[in-house]
Amino acid sequence: MFPWTIQSKNIGKDCKAAIFPSQKPAIPGSHQLSEDQLNKIFMRFDTNGDGLLSKEEVKSAYNKLGKSFPGVRTWWALHVGDENGDGYISQNEFNKLVKKNYLT
């Protein structure tokens, strides 16, 4: 059984932190990044320049960063970060993900 399928009785089923707890910042010192730095990081991975990160762009970013399981990480980033449900990560959604350390 996979660890993310186990639910504790004391944790709500909709609690995302219980499924994949964040243990470290995705980008060292990310809590100290300025808005300008976040914009540059976002634009680096927004390969088509539409102002949104698609599933493919997020997966490519994880591959470029050398992260393991890029497909799972991409699913997780879209699951917790796509607030409006359009299937893309906007600049604002990206900034929130980084600040909450969800992009590990």
Side-chain angles (χ1 to χ4, degrees):
M1 189 177 248
F2 294 102
W4 54 82
T5 59
I6 300 170
Q7 279 292 332
S8 172
K9 292 181 180 178
N10 298 329
I11 300 174
K13 291 180 181 179
D14 59 341
C15 180
K16 295 175 177 109
I19 301 171
F20 290 99
S22 178
Q23 296 176 357
K24 61 180 180 177
I27 303 168
S30 63
H31 58 281
Q32 300 171 0
L33 292 175
S34 69
E35 291 295 320
D36 186 49
Q37 290 170 317
L38 287 174
N39 289 339
K40 287 179 183 178
I41 293 168
F42 182 87
M43 296 310 291
R44 176 181 172 199
F45 296 118
D46 181 19
T47 56
N48 64 0
D50 65 352
L52 300 169
L53 295 179
S54 67
K55 178 181 174 181
E56 294 78 19
E57 289 170 328
V58 174
K59 189 173 183 178
S60 174
Y62 279 123
N63 281 323
K64 288 178 185 176
L65 293 171
K67 296 291 189 175
S68 58
F69 308 109
V72 174
R73 291 174 186 272
T74 299
W75 171 83
W76 177 245
L78 288 169
H79 179 71
V80 299
D82 183 17
E83 295 176 345
N84 60 4
D86 65 353
Y88 296 91
I89 302 291
S90 68
Q91 177 75 52
N92 188 38
E93 292 167 339
F94 175 78
N95 292 350
K96 288 179 185 178
L97 282 171
V98 171
K99 289 180 180 180
K100 291 181 181 180
N101 295 325
Y102 280 135
L103 296 179
T104 59

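The first residue in the sequence is number 1, and the count goes up from there.
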Looking only at heavy atoms, which two atoms of [X] and [Y] are closest? And how far apart?
X   : Y   : answer
G51 : F42 : O-CZ, 3.4 Å
A77 : V58 : CB-CG1, 4.2 Å
P70 : Y62 : CB-CB, 3.9 Å

Spacing of [X] atom [atom1] and [Y] atom [atom2] [to the nearest 0.5 Å]:
X   : Y   : atom1 : atom2 : answer
N84 : E93 : CG    : CD    : 5.0 Å
D50 : E57 : CG    : CD    : 6.0 Å
N92 : L97 : CG    : CG    : 10.0 Å
N95 : I89 : CG    : CD1   : 11.0 Å

Answer yes or no: is there a donor N or O on one side and an acceptor on the other, between the side chain of R73 and the main chain of K59, under 3.5 Å?
no

Considering residues at least two apart in sequence or located in another chain, which fulfil the side-chain hydrogen bond (donor to acceptor under 3.5 Å, both in side chains) criterion with [X]?
X   : answer
D82 : none
S60 : none
N39 : Q91

Among all residues two or more places apart in sequence or in another chain, which pass the salt bridge (Lys or Arg N to Asp or Glu O under 4.0 Å) test with [X]?
X   : result
K96 : E83
K64 : none
D36 : K40

| query | Does Y88 have any ring pair (Phe, Tyr, Trp, His ring centres under 6.0 Å) partners at least two apart in sequence or in another chain, and if so, which? | reply |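 Residues passing ring pair (Phe, Tyr, Trp, His ring centres under 6.0 Å) with Y88: none at all.
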
Original post:
Cluster question for you: counting only ILVMFWY and a side-chain heavy-atom cut-off of under 4.5 Å, with indirect links fine, are L52 and V98 together?
Top reply: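 They do not share one cluster, since no chain of ILVMFWY contacts under 4.5 Å joins L52 to V98.
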
